[in-house]
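See below for the structure under consideration.
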Amino acid sequence: MTLKQIILGFFSFLGIVILALFLFTGWYTVDESEQAALITFGRVDETVTEPGLKFKLPWPIQRAEILSVSTNSLRVGYESSDDGEVTDYNDEAKMITGDENILFVDLVVQWRITNPEEYLFNASDPENILYQASSASLRGVIGSSEVDDVLTDQRAEIEATVLDSLTELVDKYQIGITVMDVKLQDVELPTEEVRQAFTAVTDAREERLTKINEANKYRNQEMNEAEGEADAVISRAEGQRAQRAEQARGETARFNALYDEYINDPEVTRQRLVLETLQDVLPSTELYIIDSQQDTVNYLPIRPLDENRSSSRAAADNAQEDANNGEGGDSDGR
């Protein structure tokens with residue numbers, strides 16, 4: 001075999017190897033729930049997030065690390081089975097509060113990979129670092145809180161404080177992870193008697209909040225009714241004010257008109273005012289005609305005479321009607 005054949009065979013073998021490497025390592029696929037970090041000679045050149053079939057240079061020039069883009073859950077403080085159910089607390093769940101009480105606390109951390117390069121190269125086990133940071137943040141917050149606050153109505157504030165502390169630690173460690181949310185799952189006391197006591201305290205506080213809400217509701221209802229009545233009184237008062245103002249304007253205009261007429265003819269206007277006043281003041285007054293020329297005072301009541309005259313006229317009308325009815329009955333008999 002000549003040297004030329006040896007060289008030609010070597011390059012042919014090398015070409016076959018390169019072709020095989022390209023066929024086996026020159027492509028990769030990205031699903032919708034994944035992202036790929038394209039690494040060239042140990043350095044991340046590109047992050048691919050669009051799903052589909054992708055091509056790259058063969059190994060060992062380039063390689064693709066497939067990472068998840070979905071939200072992951074990290075459990076701190078308890079062991080879980082394969083189906084996600086809580087089986088038992090671990091040592092991480094036992095914590096001491098600020099008032100020196102022991103609690104079993106477990107936490108769920110929602111996180112996502114947002115920087116593939118930091119996630120792959122800044123730490124050998126980013127999830128373990130996240131676990132330790134979550135445990136430290138939770139212990140720090142629980143250790144500065146009172147047991148009543150943790151067991152009752154301060155859980156939302158504690159979760160927010162843990163989230164802020166954990167986010168600060170993760171940003172400091174630069175492990176390519178972003179914490180989305182944290183949730184306290186179970187907070188329990190170590191003994192049954194203490195649990196029952198704190199359960200009673202919790203029920204009392206809830207009842208207290210219920211009573212406060214009912215009192216606030218009653219107060220708001222009474223205030224709304226009082227405001228409504230006040231608005232109605234004010235509205236009626238404004239209406240009366242407007243009515244009296246218009247009435248005063250009318251009386252003023254009437255007085256001015258009478259004054260103008262009085263200036264033109266004072267005597268006629270005076271007599272007219274006297275007659276109108278008498279008509280308004282004495283509408284139903286009894287009238288008498290009095291004669292004092294003799295020793296005795298003779299008076300003649302006018303209104304009783306009018307009433308007697310009206311009664312006589314009514315009796316005559318009734319007699320005439322009866323007579324007419326009688327004649328009609330005789331004619332029917334004939």
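All values below were derived from every heavy atom in this structure, side-chain atoms included, with hydrogens, water molecules and symmetry-related copies excluded.
- Taking all atoms of both residues into account, the shortest heavy-atom contact from Arg75 to Val108 is CG-CG2, 4.5 Å.
- A donor-acceptor pair is defined here as one N or O able to donate and one able to accept, closer than 3.5 Å; no such pair exists between the side chain of Ser135 and the backbone of Gln132.
- The minimum heavy-atom distance linking Ala37 with Val44 is given by the pair CB-CG1, 4.3 Å.
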Side chains of residues 229-252: which donor-acceptor partners sit under 3.5 Å, not counting sequence neighbours?
residue : atom : partner : partner atom : Å
Glu246  : OE2  : Arg249  : NH1          : 2.9
Thr252  : OG1  : Ala248  : O            : 2.7

(request) Apply the test side-chain contact (heavy atoms from CB on, under 4.5 Å) to residues Glu159 and Asp181: give CA-CA distance (whole Å), side-chain angles for both, the deciding distance (0.1 Å), then the verdict. (result) CA-CA 9 Å; Glu159 290 175 350; Asp181 194 12; 6.0 Å; no

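- In terms of the salt bridge (Lys or Arg N to Asp or Glu O under 4.0 Å) criterion, residue partners of Glu65 (sequence neighbours excluded) are, by chain and number, Arg63.
- With sequence neighbours left out, the side chain to side chain donor-acceptor pair (under 3.5 Å) criterion links Ser68 to Ser70.
- Between Leu184 and Ile158 the shortest side-chain heavy-atom distance falls below 4.5 Å.
- Between atom CD1 of residue Ile39 and atom CD of residue Glu117 there is a gap of 9.0 Å, rounded to the nearest 0.5 Å.
- No side-chain heavy atom of Ile142 sits less than 4.5 Å from a side-chain heavy atom of Val187.
- In this structure, Ile96 CD1 and Leu103 CG are separated by 10.0 Å, a value rounded to the nearest 0.5 Å.
- In this structure, the side chain to side chain contact (heavy atoms under 4.5 Å, CB included) partners of Ile212, at least two apart in sequence or on a different chain, are Arg208, Asn216.
- Taking a 6.0 Å sphere around CZ of Phe121, one finds it holds more than 12 heavy atoms contributed by other residues, nucleotides or ligands.
- Val69 has its side chain out of reach of Arg112: every pair of non-hydrogen atoms, C-beta onward, lies at least 4.5 Å apart.
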Donor-acceptor contacts, no H, no angles, side chain residues 162-175, under 3.5 Å, sequence neighbours left out:
residue : atom : partner : partner atom : Å
Ser165  : OG   : Ser137  : OG           : 3.4
Thr167  : OG1  : Leu163  : O            : 2.7

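- You'll find the side chain of Leu74 reaches within 4.5 Å of the side chain of Trp111, heavy atoms only.
- In this structure, Glu32 has no salt bridge (Lys or Arg N to Asp or Glu O under 4.0 Å) partners at least two apart in sequence or on a different chain.
- With contacts defined as side-chain heavy-atom distances shorter than 4.5 Å, the pair Leu130/Pro126 does not qualify.
- In this structure the side chain of Val105 never reaches within 4.5 angstrom of the side chain of Lys94, judged on heavy atoms.
- Residues Ser145 and Thr97 form no side-chain contact, since every pair of their non-hydrogen atoms from C-beta on lies 4.5 Å or further apart.
- The backbone N or O of Glu118 lies less than 3.5 Å from a partner atom in the side chain of Asn115, making a donor-acceptor pair.
- Once rounded to the nearest 0.5 Å, the distance linking CD of Glu207 with CD of Glu214 reads 9.0 Å.
- The shortest non-hydrogen separation linking Ala36 to Ile66 is CB-CD1, 3.7 Å.
- Separating the CD atom in Glu34 from the OG1 atom in Thr29 is a distance of 7.0 Å, to the nearest 0.5 Å.
- Contact of the Tyr119 side chain with the Glu127 side chain is registered, since non-hydrogen atoms from C-beta on lie closer than 4.5 Å.
- If you chain together hydrophobic residues whose side chains sit under 4.5 Å apart, Val109 and Leu67 fall into the same group.
- For the pair Glu225 (side chain) and Glu222 (backbone), a donor-acceptor distance under 3.5 Å is absent.
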